[in-house]
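Single-structure report; data block below.
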Amino acid sequence: MLIPKKVKYRKVQKGKRKGLSVGGSSVSFGEYGIKALEPAWLKNNQIETCRIILTRRLRRGGKLWIRLFPDKPYTKKPAETRQGKGKGEVAGWVAVVRRGKVVFEIGGVPEDYARDSFRLIAYKLPFKTMFVTRNRGI
């Protein structure tokens with residue numbers, strides 16, 4: 001699973017997910033990408049599931065780039081616990097995804113194969129997505 005080795009603060013506040021992605025809104029490394037159309041938190045096990053699907057589809061034919069990392073801890077209080085007594089313990093790690101962020105990129109494969117591969121992982125993602133390609137010549 002993807003988790004950071006070390007963080008400055010053990011627990012963080014929720015923060016805001018609204019607004020557009022500042023960086024990473026275009027395909028930079030590969031030829032094709034999948035872009036988020038809604039804001040969401042992407043858990044580390046969801047990223048790992050998508051990574052496994054894409055690496056099995058690519059075999060040795062292409063290359064995969066994961067454009068985010070789950071560096072934000074989220075907390076959860078135990079079930080059937082009364083209110084109060086402080087914030088709950090860290091339950092997992094998430095990556096904040098804003099609208100317009102390119103989440104995954106692949107290269108070295110035909111476009112129809114890339115489109116089909118991203119369609120498979122779009123089912124696993126908790127937000128609507130769009131297939132994007134690299135702009136050549138601009």
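The first residue of the sequence shown is numbered 1, and numbering continues consecutively from there.
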Closest non-hydrogen atom pair, [X] against [Y]:
X      : Y     : answer
Phe104 : Ile47 : CZ-O, 4.3 Å
Arg98  : Lys16 : NH2-O, 3.0 Å
Pro73  : Arg10 : CG-O, 3.4 Å
Val109 : Tyr32 : O-CE1, 3.4 Å
Pro70  : Pro4  : O-CD, 3.5 Å
Leu2   : Trp93 : O-CB, 4.5 Å

Could you tell me whether the side chain of [Y] reaches within less than 4.5 Å of the side chain of [X], counting heavy atoms only?
X      : Y      : answer
Asn44  : Glu48  : no
Ser25  : Leu20  : no
Leu120 : Ser117 : no
Val103 : Lys35  : no
Leu42  : Phe127 : yes
Val12  : Lys72  : yes
Gln46  : Pro126 : yes
Leu64  : Arg51  : yes

* Can you check salt bridge (Lys or Arg N to Asp or Glu O under 4.0 Å) on Arg99 and Glu38, steps first, answer last? -> CA-CA 5 Å; Arg99 281 187 317 142; Glu38 299 173 341; over 6 Å; no

* Does NZ or CZ of Lys63 come closer than 6.0 Å to the centre of the six-membered ring of Trp65, within 45° of the ring's axis? -> yes

* To do: Identify whether NZ of Lys or CZ of Arg in Arg119 sits under 6.0 Å from the centre of the six-membered ring of Phe131 and within 45° of that ring's axis.
  => no

* Kindly determine whether Val102 and Ile34 satisfy side chain to side chain contact (heavy atoms under 4.5 Å, CB included), including the steps that lead there. => CA-CA 6 Å; Val102 174; Ile34 189 164; over 6 Å; no

Donor-acceptor pair, [X] side chain versus [Y] backbone, under 3.5 Å?
X      : Y      : value
Arg134 : Gly30  : yes
Lys77  : Gly84  : yes
Tyr113 : Arg57  : yes
Glu31  : Gly107 : no

* Under the side-chain hydrogen bond (donor to acceptor under 3.5 Å, both in side chains) rule, collect the residues that match up with Glu111, sequence neighbours excluded. => Arg115

* **Interatomic spacing from CD1 in Ile121 to CG in Asp116 - rounded to 0.5 Å** => 11.5 Å

* Structure fact -> dist Ile106:CD1 -> Ile66:CD1 (nearest 0.5 Å) comes out at 12.0 Å

* Structure fact -> Hits for side-chain contact (heavy atoms from CB on, under 4.5 Å) against Lys11, two or more places apart or cross-chain, chain-then-number order -> Thr75, Lys87, Glu89, Val90

May I ask whether [X] and [Y] are part of the same hydrophobic cluster, defined by side-chain heavy atoms of I, L, V, M, F, W, Y residues being less than 4.5 angstrom apart, directly or through others?
X      : Y     : result
Phe69  : Ile3  : no
Val132 : Leu58 : no
Leu54  : Leu68 : yes

